[in-house]
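Quick note: numbers below take in every heavy atom, side chains included, and nothing from hydrogens, waters or symmetry partners. All ligand and atom numbering here is 1-based and tracks the order in the structure.
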Amino acid sequence: MRYISTRGNAPVLDFKDVTLAGLAADGGLYVPEPWPSFSRDEIAAMAGLSYVETAVRVMAPFTAGVLNEADLSDLCTAAYGRFAHDAVTPLVQLDHRHWLLELFHGPTLAFKDVALQLVGLLFERFLTGSTEHLTVIGATSGDTGSAAIDALAGRAGVDIFMLHPEGRVSDVQRRQMTTVLAPNVHNIAIRGDFDTAQALVKAMFRDPAFSARFRLSAVNSINWARLMAQVVYYLYAAIRLGAPDRRIAFSVPTGNFGDVFAGYVAARMGLPVERLIVATNVNDILHRALSSGDYSSGTVTPTATPSMDIQVSSNFERLLFELSGRDGGALAAQMAGFEATKAMRLTNAQREGAAGLFTSARIDEDAMAQAIGAAYRGSGQVIDPHTAIGLAAARADAGDTPIVTLATAHPAKFRDAVERASGVRPALPARVGDLFEREERFDTVDATFDAVSGYIAQRAHPRT
Ligand SMILES: *Cc1c(COP(=O)(O)O)cnc(C)c1O
């Protein structure tokens, strides 16, 4: 499989290089050159498969030419063997129409483990035996950082530098990062907010001298391999509920549009998806874009769902590329306009194309809290605030199609907000049991380019 950039002007890469790369050189994001697809019979034949077997079927076309099926199977067995539930991503029924797809049984309690446990193993495999050393740099509002650190700790050939905004992540989130003491893990608390941390990371990737010195890589959801791994659970869940004979809708709590784009990919590959509900909090750029064509970013309002407090949804570009007839030149011009003015209008073709599969809803803090309380009273399920945004959007959907809401975090990861809404304080699961006794290690650094890039340059391995 070959991968091309959404802006049409970057080298075509194979699966290995697209995994190790971050952004494409032209500023775009990589997508597969043709979308692979499954026939109805091929989907029906996945009915009895385990999660790992399903993962191998779904990902094999994307990794073809770089990994054979036996290798892919070994990697998936190792990655998903670390999950605390034998179904990896179990479905839980709420009532006759609604289900939760629990994606939080990985080591760090959020759905990002599903992709990053595999990506960590892919990095190690692609770097083993080479003299190359990878320097992963990321900014996190909490969940990506803990999942990436768990996945990369102690792996050969890679260092990870994770920036988090000082004092703005939850205690559980911070400790999941800072108590990992492997020598290749470097936690940096930035004296600034998440947007500042993110801007510093982007500046390091763009700095010619810095990126010439170190082989930089990204683990946020612009990384294609992450999205690929997330396609699996859409098929796994829908097949369990009767696909391909029965059409299923999904409601997806959304920030960077990564998770819900994976649902789009599942539909492109032949899964009969009735609809994808894009559920946002009050930071609603995606809801405005899908309902009125207005894609314009303002300032972030902090909410109880910090992983969705986003004003620019990077992966939306991948959808716009598909909805513009894959015209990279036109999309590059449209995105340049957005980067200059922080606003753009979707074209009619983009709006109509999106309306064929996507709907959207904006859920405020009250409606989110009510959804937590209602899930607890109605079916005894304690859900996290991000999941509650998805469930509230699902319940607002008219019709009778079965809807699967993606449960993206374990309620204990956000237990203060959950307790406020339901009166129940969820216990941390045993797999993170002594988190609050473990030693923490991180450095606090000023939010300037020189301070952060200097800190990293002192500790990273230069290119050979
Ligand atoms: C990252 C995250 C999201 C948003 O996912 P995107 O792929 O950015 O849309 C939702 N919920 C939780 C708990 C997350 O960690």
Side-chain angles (χ1 to χ4, degrees), residues 29 89 100-117 119 138-151 164 169-170 172-173 176-177 194 198 218-231 233-234 250-266 276-281 283-287 289-290 300 303-319 358 360-361 363 368 371-372 383-393 405-415 417-418 426:
L29 305 179
T89 62
L100 296 175
L101 179 60
E102 293 185 345
L103 303 175
F104 52 70
H105 293 281
T108 72
L109 314 182
F111 85 95
K112 295 191 167 75
D113 288 325
V114 179
L116 281 165
Q117 285 294 319
V119 168
T140 185
S141 55
D143 293 337
T144 291
S146 49
I149 285 171
D150 185 278
H164 71 264
V169 298
S170 77
V172 174
Q173 288 177 317
Q176 283 181 325
M177 297 190 277
F194 170 72
Q198 177 97 313
V219 286
N220 54 6
S221 58
I222 61 170
N223 184 301
W224 164 257
R226 268 187 69 173
L227 298 192
M228 171 192 76
Q230 291 169 214
V231 178
Y233 48 68
Y234 285 91
F250 290 89
S251 180
V252 187
T254 307
N256 234 339
F257 207 75
D259 209 1
V260 71
F261 187 76
Y264 170 84
V265 174
L276 293 169
I277 303 169
V278 174
T280 75
N281 64 23
N283 298 293
D284 62 349
I285 180 168
L286 286 168
H287 173 59
L290 291 166
V300 172
T303 70
T305 46
S307 300
M308 299 161 66
D309 289 347
I310 280 177
Q311 283 285 351
V312 178
S313 293
S314 314
N315 281 294
F316 198 50
E317 176 167 344
R318 286 186 159 113
L319 179 67
F358 294 91
S360 65
I363 306 297
M368 179 277 290
I372 293 180
I383 60 173
D384 107 288
H386 302 79
T387 306
I389 298 263
L391 186 57
T405 295
L406 272 49
T408 51
H410 191 291
K413 203 161 187 179
F414 300 94
R415 52 202 177 148
V418 172

Run the ring-centre check on Phe111 versus Phe104 and record whether the distance is less than 6.0 Å.
no
Taking the ring centre of each residue, are Phe257 and Phe358 less than 6.0 Å apart?
yes
List in chain and number order the residues that pass salt bridge (Lys or Arg N to Asp or Glu O under 4.0 Å) with Asp309, two or more places apart in sequence or in another chain; answer none if no residue qualifies.
none
In terms of side-chain geometry, is the basic nitrogen of Lys413 or Asp143 positioned less than 4.0 Å from the acidic oxygen of its partner?
yes
Please tabulate protein-ligand N/O pairs under 3.5 Å for ligand 1, atom names and distances to 0.1 Å.
| from | atom 1 | to | atom 2 | distance (Å) |
| --- | --- | --- | --- | --- |
| ligand 1 | 7 (O) | Gly258 | N | 3.3 |
| ligand 1 | 7 (O) | Asp259 | N | 2.9 |
| ligand 1 | 8 (O) | Asn256 | N | 2.7 |
| ligand 1 | 9 (O) | Gly255 | N | 2.8 |
| ligand 1 | 9 (O) | Asn256 | N | 3.2 |
| ligand 1 | 9 (O) | Phe257 | N | 3.2 |
| ligand 1 | 11 (N) | Thr408 | OG1 | 2.9 |
| ligand 1 | 15 (O) | Lys112 | NZ | 2.5 |
| ligand 1 | 15 (O) | Asp143 | OD2 | 2.6 |
| ligand 1 | 15 (O) | Ser307 | OG | 3.4 |

What residues, two or more places apart in sequence or in another chain, satisfy side chain to side chain donor-acceptor pair (under 3.5 Å) together with Thr108?
Asp113
Among residues at least two apart in sequence or on other chains, which ones pass salt bridge (Lys or Arg N to Asp or Glu O under 4.0 Å) with Glu317?
Arg7
